[in-house]
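So the structure is just underneath, and the comments pick up after that.
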Amino acid sequence: MENDLLTVQNVSISFTQYVQGLQQHILKVISDLSLSVKEGEVVAILGSSGSGKSLLAHAILGILPENGQCDGTISFKGEVLTQEKKEELRGEHICLIPQSVNFLDPLMKVREQAIGDVKDEEKEKALKHQKEIFEKYGLAEEVGDMYPFELSGGMARKVLLSTALLSDPELVVADEPTPGLDQASVNETINDIKRLAQEGKGVLLITHEIDVALKTADRIAIFYSGYVIEINKAENFNDVNKLLHPYTKSLIEALPRNGFKLTSGVQPLEEVDGCPYFENCPIRSDICQNNKPDLIDHNGIMIRCHNFDKEVN
Amino acid sequence: MYLNANNISYAYKKNKPILKNLSISIPDNKVIGLMGDSGSGKSTLCKVISGYIKNYTGTVTLDNNLIETKDFYPIQLIFQHPEKTMNPKWKMHKVLSESWNPPQELMDTFGLKDNWLGRWPNELSGGELQRFSILRALNPKTKFIIADEISTMLDAVTQVQIWDALLDYCKQNKIGILAVSHDKELLEVIADDILLFNEINKL
Ligand SMILES: Nc1ncnc2c1ncn2[C@@H]1O[C@H](COP(=O)(O)OP(=O)(O)OP(=O)(O)O)[C@@H](O)[C@H]1O
Ligand SMILES: Nc1ncnc2c1ncn2[C@@H]1O[C@H](COP(=O)(O)OP(=O)(O)OP(=O)(O)O)[C@@H](O)[C@H]1O
Ligand SMILES: [Mg+2]
Ligand SMILES: [Mg+2]
């Protein structure tokens, strides 16, 4: 697409595992994944825990583990990204806010980590900027002198966030930027994400916090077991009846404010022949067991389900 | 039975107290929610109550008795990040049986699949690992559960599954819960009472 900043096309990710001795086992964790982020757009990814959200983020940045294999194409501004190109763009044009606080360097004071590698002549400016951002997120000045082990959960997350906001990338991949943050800091994060988009940047926002997605995103993609099962407009998430996939509905109905509704079942651990949601699906039919539905366009909404209600939207 | 923390004070560094004269009481038939600012000391309090931090002042008691530290600790802490509390060189069956061997029925209730037992911790997602860490904490000798942001990293569907199973088990077995979370709406659904950290910490 013309103004696509990021295009992910038919991406699959698998791991080679050695079971016993030299016996290999291929574990497929992402299958046939396509999505895009335009300039000035926020696309949120919601989905089941273990559905491959972080691995997608790592694939975009080129930091998958050694035994991970990524097929398909990932492009940035129309250019297909090779591993070398990813390394070149990383940190400068494309920036990751990582999910795991283990990404912080345990031996480095957090102020140094937040400003990153800067040239000597730019250091003063970076330090000033860092001070402003820390203040905005309620991190006291002395926190800059702390090491990661001295931080609380929320403080560590704020430091990771500051690191990304201090560089000036064109695309931000934010992998769970808000869990465990107090409401004031969540609101700051929401404003910062919106500001990035207003400045024409793209944001891929991975989150379990539906409110954060609703307040920032244009479109929301739902992941389940390594598949994108639905991509819908953010506003439609305010009304369960406008959502197409049964898993998407159960995700929204599980929110505390919507009744904390229990849906049993977990996602399959291994690749299945049919629909990945077959085992838990309330609207399944025979065809779903052995035939994988494609991701299709239904009036601008992308949906992967044989039996969704075609009357909706 | 009551869990009482009385007049707890603690500082990591001299001159920088985190907990001061803090008292909290948890009955075994209730879920007490706890909310508070980031960095204020909630996780520190959890570690004091569950025996991970020892050099505090004040007392932690069960029905007014101090807790024997050489036996199994009856107050079990569940963390936000399960991967940080598991030996990466142990497969999941060992991670679990280090604490106890739960009956199959309970494994099913918590949605633990048999074939997960043969995996290493880094081959399971956060949600899968959290199911193990909860079940591991539910040793028959456990009297109280301290749940520090246990579902913040989980999707909404898994969050309901985990809380539903945990609340049900604790009710049946008379286990009290202290649940720390930033999610007010979640605490309103799961907790009997909600405490604000800044009101109980006398800094
Ligand atoms: N190195 C690895 N080897 C084998 N399997 C892996 C590896 N890393 C991740 N996986 C598996 O891939 C799947 C996707 O993992 P990923 O971390 O991307 O999930 P996620 O959607 O980010 O979940 P969460 O919401 O819990 O963060 C999980 O089932 C996980 O166990
Ligand atoms: N090991 C440590 N050494 C020194 N200071 C520490 C250590 N661990 C925590 N702190 C400090 O103690 C304070 C309280 O931290 P704690 O983790 O208890 O906060 P919290 O209320 O759980 O916050 P959050 O909601 O962000 O998880 C913070 O100011 C933190 O910097
Ligand atoms: Mg993840
Ligand atoms: Mg904490």
Side-chain angles (χ1 to χ4, degrees), chain A residues 15 17 27 29 46-52 54 65 99-102 137-140 142-143 150-155 157-158 176 178-186 208-211 223-224 247 250-270 280, chain B residues 12-13 16 18 35-44 79-81 83-84 108-113 115-116 118-120 122-131 148-149 151-165 168 180-190 197:
Chain A
F15 285 101
Q17 294 177 314
L27 182 70
V29 287
L46 286 175
S48 60
S49 175
S51 58
S54 295
Q99 173 175 19
S100 172
V101 293
N102 292 343
Y137 280 93
L139 292 173
E142 73 247 32
V143 173
E150 299 174 293
L151 304 176
S152 76
M155 290 157 79
R157 196 147 298 288
K158 291 174 185 179
E176 302 279 1
T178 55
L181 288 191
D182 45 76
Q183 196 55 48
S185 302
V186 172
H208 286 308
E209 300 193 30
I210 290 173
D211 279 336
F223 273 40
Y224 187 83
Y247 176 75
S250 71
L251 199 58
I252 299 303
E253 288 170 340
L255 294 178
R257 87 182 72 128
N258 294 341
F260 212 52
K261 190 174 154 213
L262 176 70
T263 308
S264 316
V266 295
Q267 59 183 21
L269 265 185
E270 301 282 338
N280 308 322
Chain B
Y12 290 98
K13 289 179 190 152
K16 210 181 159 239
I18 304 289
M35 292 187 64
D37 293 342
S38 170
S40 56
K42 302 177 298 297
S43 296
T44 305
F79 293 90
Q80 177 180 347
H81 297 284
E83 70 276 14
K84 287 197 172 166
D108 295 341
T109 314
F110 278 86
L112 253 68
K113 301 240 164 153
N115 61 356
W116 293 353
R119 292 197 170 204
W120 308 101
N122 69 357
E123 294 172 342
L124 292 169
S125 77
E128 290 148 8
L129 287 174
Q130 197 60 298
R131 292 170 200 262
D148 189 3
E149 304 268 11
S151 58
T152 22
M153 302 304 278
L154 306 177
D155 64 82
V157 169
T158 309
Q159 169 165 273
V160 182
Q161 292 179 350
I162 280 185
W163 275 111
D164 186 73
D168 196 50
V180 177
S181 174
H182 284 97
D183 188 341
K184 186 151 181 270
E185 293 181 3
L186 172 69
L187 289 182
E188 279 167 354
V189 179
I190 60 165
F197 187 78

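Reminder, nothing fancy here: chain letters follow the sequence lines and each chain counts from 1.
Contact of B:Gln161 with chain A is made through backbone and side chain together, with heavy-atom distances under 4.5 Å. With a threshold of 4.5 angstrom between heavy atoms, A:Phe15 does not approach chain B through any atom at all. Within the 4.5 angstrom heavy-atom criterion, only side-chain atoms of B:Lys13, from C-beta onward, approach chain A. At a 4.5 Å heavy-atom cutoff, A:Leu46 makes no contact with chain B through either its backbone or its side chain. In this structure, chain B has heavy atoms under 4.5 Å from both the backbone and the side chain of A:Ser49. With a threshold of 4.5 angstrom between heavy atoms, A:Lys158 approaches chain B through side-chain atoms but not through N, CA, C or O. Using a 4.5 Å cut-off between heavy atoms, B:Val157 touches chain A through backbone and side chain atoms alike.
Between B:Ser38 and A:Asp182, the shortest heavy-atom contact is CB-OD2, 2.9 Å. The shortest heavy-atom contact between A:Phe260 and B:Val189 is CD2-CG1, 3.7 Å. Smallest separation of non-hydrogen atoms from B:Asp164 and A:Leu262: OD2-CD2, 3.6 Å.
Side-chain contact between B:Glu149 and A:Pro179 is absent, with no heavy atoms from C-beta onward closer than 4.5 Å. At least one side-chain heavy atom of B:Trp116 sits under 4.5 Å from a side-chain heavy atom of A:Val266.
The line from OG of A:Ser264 to CG of B:Asp108 is 12.0 Å long, rounded to the nearest 0.5 Å. Distance CD/A:Gln267 to CG/B:Asp155: 8.0 Å, rounded to 0.5 Å. Distance check: B:Asp183 CG to A:Glu209 CD gives 7.5 Å after rounding to the nearest 0.5 Å.
No other option in A:Glu150, A:Glu253, A:Arg257, A:Met155 has as many heavy-atom pairs under 4.5 Å with chain B as A:Arg257. Ranked by heavy-atom pairs under 4.5 Å with chain B, the list A:Ser250, A:Ala254, A:Ser152 is led by A:Ala254. When each of B:Asn115, B:Thr158, B:Leu186 is scored by its heavy-atom pairs under 4.5 Å with chain A, the top score falls to B:Leu186. When B:Glu128, B:Glu188, B:Met153 are compared by the number of non-hydrogen pairs under 4.5 Å with chain A, B:Met153 comes out ahead. Each of B:His182, B:Gln130, B:Lys184 has some count of heavy-atom pairs under 4.5 Å with chain A, and the biggest count is that of B:His182.
Taking a cutoff of 4.0 Å between a charged side-chain nitrogen and a carboxylate oxygen, A:Glu270 and B:Arg119 qualify as a salt bridge.
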